[in-house]
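Step one of this worksheet: look at the structure below.
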Amino acid sequence: MKKRFATLLMGLAVISAVDAQTAREEIDQNPWLAGSNYLDYDRQLPSFQYTKAPKGYVPFYLSHYGRHGSRWLIGENDYERVIRPLRKARKEGKLTRTGEETLRQLEVFNRTTVKRLGDLTTVGERQHHGIGRRLTEHFPEIFKAKGVAIDARSTVVNRCILSMIAECEELMAANPTARIHNDVSEALQYYLNAPWEGKVRENSGKGDRQHRAFSQQLTKPSRLMGVLFNDLPWAMDEVDTGNLMRQLFEVAINMQSHDNAPDLLHLFTKDEIYDMWRIQNAGWYQNYGPSPLTGSVMPFSQANLLENIIQTADTCVALGKPQATLRFGHEVCVMPLACLLELDSCGVVVERMEDLDQHWRNYRIFPMACNIQLIFYRPQKGNGDILVKALLNEREATLPIATTTPPYYRWQDLREYYVQKLNAYRAE
């Protein structure tokens, strides 16, 4: 008991060190963090100072789920809905100089989006080349092993397929003997991008009224409208100013997904940037995290994915050879999977939206190209326990069981914990 308590204290010390800065301080220093799921992966790279494995242990298997890289916005209306009210104002002579310049920049950029909505950008491709290259550098025992078997699978969405290709190109470049199998099929969707069903679907949508009220409370458009329009009463009458503010912020914050894109983030104050992030943080927590507003069941949307991770690991551990399983999909899978796995503080339950920013930060979980890696270790000689280390976006993460060798955990204990968790959920 004393040993377990000491281990838990070490885990709390790690979390406390990570949380030395508040979310407000982090976003003030790096406003792009407020992009939530639009955050450029390379703007949050860690130092890669990994804890040495226990003596005699070497990595032999890596299990991975990763999101596609940076992309254009998805909806056909995502750019036009911001441009239309500004065009209307220009026609009626209601734009300031800043408003005119903002509209000009948006119209120029909008031309690049034709038939590109949702596509992977060059920034996104570069992110995955970097991740693939670092896999070979950090775990050469796996990825540089002669004839290593790498199973890479993707959802049927082009940006995910291209992200998979970018990483695999780096793996093959580092080890021409690698045997890489790529697979893309609707048959894989049930775990790579599972639809909501059962208790998850029943609870989806709950809490929407609270989030709308929270969003309206934090959306204060008057100052920004005064920057864009020379007739504020006209703007308040003719424009849905709250929606325009939130939609313009979405376009502005996603400009980090592109090289040489216009900087529109300067239109917002630090307070506004932080409030826009708080709205998104609460929305993602409600819809994909362990929020009590949605019955704390939304992470179980990834039950099939976790089951696949466990079953595939069982096979690869039994084989004992250097191998890797790479899965490519979406943030709507990485986010709840991280919460289901209880990586770091991802699974924390927070009652009030107003308090969420003090305990849970979405940008740590699901930037563009976000990924979860489980690395399996075995004794180099003789028999012994299989150990597992978890990385969230290539940072060492804590897991929800006791260990005497953090951040390395016995796979047998971890497997039992997750199997029991899934069984309990399905038995309800």
Side-chain angles (χ1 to χ4, degrees), residues 1-15 48-65 135-151 302-303 305-327 337-347 371-424:
M1 182 67 184
K2 289 183 178 178
K3 183 181 288 185
R4 182 177 184 273
F5 184 67
T7 300
L8 292 176
L9 283 179
M10 282 190 288
L12 289 173
V14 171
I15 293 172
F48 305 117
Q49 294 178 349
Y50 291 152
T51 305
K52 189 176 180 180
K55 187 176 180 180
Y57 273 82
V58 293
F60 73 100
Y61 173 58
L62 184 141
S63 182
H64 155 288
Y65 187 98
L135 284 174
T136 68
E137 293 170 351
H138 296 155
F139 308 108
E141 298 91 344
I142 299 173
F143 291 99
K144 294 187 179 180
K146 185 175 181 179
V148 58
I150 301 171
D151 185 66
Q302 301 311 305
L305 177 54
L306 178 52
E307 192 168 59
N308 177 265
I309 289 171
I310 293 170
Q311 292 174 350
T312 307
D314 286 345
T315 299
C316 293
V317 167
L319 289 172
K321 302 183 297 185
Q323 293 181 84
T325 304
L326 308 180
R327 308 168 184 87
L337 178 63
C339 298
L340 185 60
L341 292 171
E342 300 174 59
L343 302 179
D344 290 336
S345 59
C346 293
N371 56 91
I372 295 170
Q373 300 175 22
L374 298 178
I375 304 96
F376 291 70
Y377 292 74
R378 66 183 178 190
Q380 193 166 18
K381 297 179 180 179
N383 298 320
D385 294 324
I386 300 298
L387 302 181
V388 177
K389 176 171 73 172
L391 301 182
L392 175 59
N393 301 322
E394 300 180 78
R395 292 179 172 87
E396 290 180 344
T398 59
L399 289 164
I401 63 171
T403 179
T404 58
T405 56
Y408 297 89
Y409 300 78
R410 292 179 70 238
W411 169 238
Q412 182 178 343
D413 296 339
L414 193 63
R415 184 189 187 284
E416 180 180 356
Y417 179 86
Y418 289 139
V419 169
Q420 289 180 356
K421 186 174 183 177
L422 291 176
N423 289 342

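Below, all heavy atoms of this structure are taken into account, side chains as well, without hydrogens, waters or symmetry copies.
- Of all heavy-atom pairs spanning Val148 and Pro322, the tightest one is CG2-O, 3.3 Å.
- The backbone N or O of Thr51 lies less than 3.5 Å from a partner atom in the side chain of Tyr408, making a donor-acceptor pair.
- Listed by first and then second residue, the salt bridge (charged side-chain N to carboxylate O under 4.0 Å, His left out) pairs that reach into residues 314-323 are Asp314-Arg415, sequence neighbours excluded.
- For the pair Gln373 and Leu62, the tightest heavy-atom approach, listed with the atom from each and the gap, is OE1-CD1, 3.7 Å.
- Judged purely by atom type and a 3.5 angstrom limit, Asn371 has no side-chain atom pairing as donor or acceptor with the backbone of Tyr65.
- Interatomic distance, CG of Leu326 versus CD1 of Ile150, reported as 6.5 Å (0.5 Å rounding).
- Using modelled atom types, one side-chain atom of Arg327 and one backbone atom of His64 make a donor-acceptor pair closer than 3.5 Å.
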Can you give each donor-acceptor pair under 3.5 Å made by side-chain atoms of residues 135-142, sequence neighbours left out, with the distance rounded to 0.1 Å?
| residue | atom | partner | partner atom | Å |
| --- | --- | --- | --- | --- |
| Thr136 | OG1 | Arg133 | O | 2.6 |
| His138 | ND1 | Arg134 | O | 3.4 |

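- Looking at every heavy atom in both residues, Asp344 comes nearest to Ala397 through OD1-CA, 3.3 Å.
- For the pair Leu387 and Pro54, the minimum side-chain heavy-atom distance is below 4.5 Å.
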For side chain to side chain contact (heavy atoms under 4.5 Å, CB included), just list the numbers for Leu343 and Leu399, CA-CA rounded to whole Å, side-chain angles, deciding distance to a tenth of an Å, and then say yes or no. CA-CA 5 Å; Leu343 302 179; Leu399 289 164; 3.4 Å; yes
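- With sequence neighbours left out, Glu416 forms a salt bridge (Lys or Arg N to Asp or Glu O under 4.0 Å) with no residue at all.
- Tyr50 places no side-chain N or O within donor-acceptor distance of the main-chain N or O of Glu396, the cut-off being under 3.5 Å.
- Here the straight-line distance linking atom CD1 of Ile401 with atom OG1 of Thr398 works out to 11.0 Å at 0.5 Å rounding.
- Not counting sequence neighbours, the partners of Tyr417 by the side chain to side chain donor-acceptor pair (under 3.5 Å) test are Glu342.
- We find the CG-CG distance between Leu392 and Leu341 to be 9.5 Å, quoted to the nearest 0.5 Å.
- Side chain of Lys389 to main chain of Tyr377: no donor-acceptor pair is present (N/O by atom type, distance under 3.5 Å, no hydrogens or angles).
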Apply side chain to side chain contact (heavy atoms under 4.5 Å, CB included) to Leu337 and Ile309, showing your working. CA-CA 11 Å; Leu337 178 63; Ile309 289 171; 4.1 Å; yes
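- Of all heavy-atom pairs spanning Cys339 and Cys346, the tightest one is SG-O, 3.3 Å.
- The OG atom of Ser63 sits 7.5 Å away from the CG atom of Asn308 when rounded to the nearest 0.5 Å.
- Qualifying side chain to side chain donor-acceptor pair (under 3.5 Å) partners for Glu307, counting only residues two or more places apart in sequence or in other chains: Arg426.
- Across Pro379 and Asp385, no two heavy atoms sit closer than the pair CD-O, 3.9 Å.
- Rounding to the nearest 0.5 Å places CG of Leu306 at 5.0 Å from CG of Leu340.
- To the nearest 0.5 Å, the span separating CG on Leu422 from CD on Gln420 amounts to 10.5 Å.
- Side chains of Tyr409 and Pro400 form no contact here, defined as non-hydrogen atoms less than 4.5 Å apart.
- In this structure Phe376 satisfies the ring-ring contact (aromatic ring centres under 6.0 Å, His included) test together with Tyr61, Trp411, sequence neighbours excluded.
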